[in-house]
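Working notes, beginning with the structure itself.
All values derive from a computational prediction rather than experimental measurement. A, B, ... follow the sequence lines: proteins, then strands. Residue 1 opens every chain.
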Amino acid sequence: MRLLAVTVSIGAALLIMTATPSYAAGGDAIFKKSCTGCHYTDGPAKEKTIADQLAKKGPELWYAGSKFQKDWLAAWLQNPKPIRPLKYNSLTEKNAADHPKLSAGDAAAITDFLMGLKSSEVKAGAIKPAESAQARNIYAKKAPCGGCHESSVNGKATGGKSGPSLAGASKRLNPDWIYAYLANIKAFKPVRDMPDFASVLNKKDQMSLSAYVATFE
Amino acid sequence: MSRFLIVTATVLGLTLGAAGSAQAAEPKQVYDFYCAQCHGIDGKGKGINVTKDFATDPRNLTSSSEMEKRSDEDLRGVIKDGGPSISKSALMPHWGSTLTTDEVEGLVKYIRKLCDCKGK
């Protein structure tokens, strides 16, 4: 009988180990304790109405591992600088630059946890960062991203303020995620104040624009 | 039996009605969420995105003299298909694949309130 109990316990422990994703020890626990007041990580997207979106205090992170670059994320969590000029969901208040600053250890553990959160919408290796005349024309004229997004032009923030800044996208964003986001924005954000450009830009446009944004310093 | 049916139908109707109203956003909420970033919360065309880098002046939606030149159908068209559909700037994007027909109709009515005018 004791043997049976031991066997069952070991079996249960093995099951738990194999069912648990390979997060660094503690990253998910630290996240649950400190971050879930503003961010959710259990996808797919939950927002169905504008009110749902406005109720959020920060961006959803259920696809963070597909969206961000790991080195950038670990560094940013230790020294967070505003990505959005404005407070999340506000058109009037400036970003207060008050995101909590984490220790190197906590940042590394949370980064490992977040980088494990992938979206099947994002196909690896589709986009290589590259500039092109076609993409510059799309960005400036055909689908003027700068209307809502800042970028760095000669070291100066240039462009609109309602969206997240694209300055530094080459270090922050996964180029394959940029493409997946343009191609199927509703899968990531069913309710957002950015238009769905998939019906205006063909696949080639989307790919060249993604590659271009992925070069932004 | 008939009373049971009436009660059931009423409950079902109330449930569906409640679900429907939960989905349909108020026109002001739709405007503030999608349009105000460029046209401004007050509609005067000075939204937060309109910096010196913004290549055009978003329409002042409170200008009755400007807005009465446009028909409601013109407004529907430019909201859905964007500025290029009427040879204007692509900075006015197409919202047709984002907004529902009801939301567009609500916006047309809301814009008519902002300008306090009727279309041509």
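When the shell of 6.0 Å around NZ of B/Lys118 is examined, it contains 12 or fewer heavy atoms from other residues, nucleotides or ligands. Around atom CG of B/Asp116, no more than 12 heavy atoms belonging to other residues, nucleotides or ligands sit under 6.0 Å away. Annotation: A/Lys56, atom NZ; neighbour count of heavy atoms from other residues, nucleotides and ligands within 6.0 Å is above 12. Heavy atoms from other residues, nucleotides or ligands lying under 6.0 Å from CG of A/Asp52 number more than 12.
Here B/Trp95 contributes atom CH2 and A/Asp193 contributes atom CG; the two are 6.5 Å apart, rounded to the nearest 0.5 Å. Between the CD atom in B/Gln37 and the CG atom in A/Leu86 there is a gap of 10.0 Å [rounded to 0.5 Å]. Taken from OG1 in B/Thr98 to NZ in A/Lys186, the straight-line distance is 6.0 Å, to the nearest 0.5 Å.
B/Leu91 approaches A/Gly147 most closely through the heavy-atom pair CD2-CA, 3.6 Å. The two residues B/Ser97 and A/Ser199 make their nearest non-hydrogen contact at OG-OG, 3.4 Å.
Sequence neighbours left out, the pairs with a member in residues 138-158 of chain A that pass salt bridge (charged side-chain N to carboxylate O under 4.0 Å, His left out) are A/Lys142-A/Asp205, A/Glu150-A/Lys161. For residues 167-184 of chain A, the set of pairs meeting the salt bridge (charged side-chain N to carboxylate O under 4.0 Å, His left out) definition, not counting sequence neighbours, comprises A/Lys171-A/Glu217. Among pairs with a residue in residues 95-104 of chain A, none fulfils salt bridge (charged side-chain N to carboxylate O under 4.0 Å, His left out), at least two apart in sequence or across chains.
A/Ala198 does not touch chain B: none of its heavy atoms, backbone or side chain, sits under 4.5 Å away. Within the 4.5 angstrom heavy-atom criterion, only side-chain atoms of B/Ile41, from C-beta onward, approach chain A. Within the 4.5 angstrom heavy-atom criterion, no atom of A/Ile185 approaches chain B.
Chain B forms more heavy-atom pairs under 4.5 Å with one residue of A/Ser162, A/Gly160, A/Ala140 than with any other, namely A/Ser162.
Interface with chain A: from residues 45-73 of chain B, residues B/Ile48, B/Asn49, B/Thr51, B/Lys52, B/Asp53, B/Phe54 qualify, criterion being any non-hydrogen pair under 4.5 Å.
Side chain of B/His94 to backbone of A/Asp196: a donor-acceptor contact under 3.5 angstrom is found.
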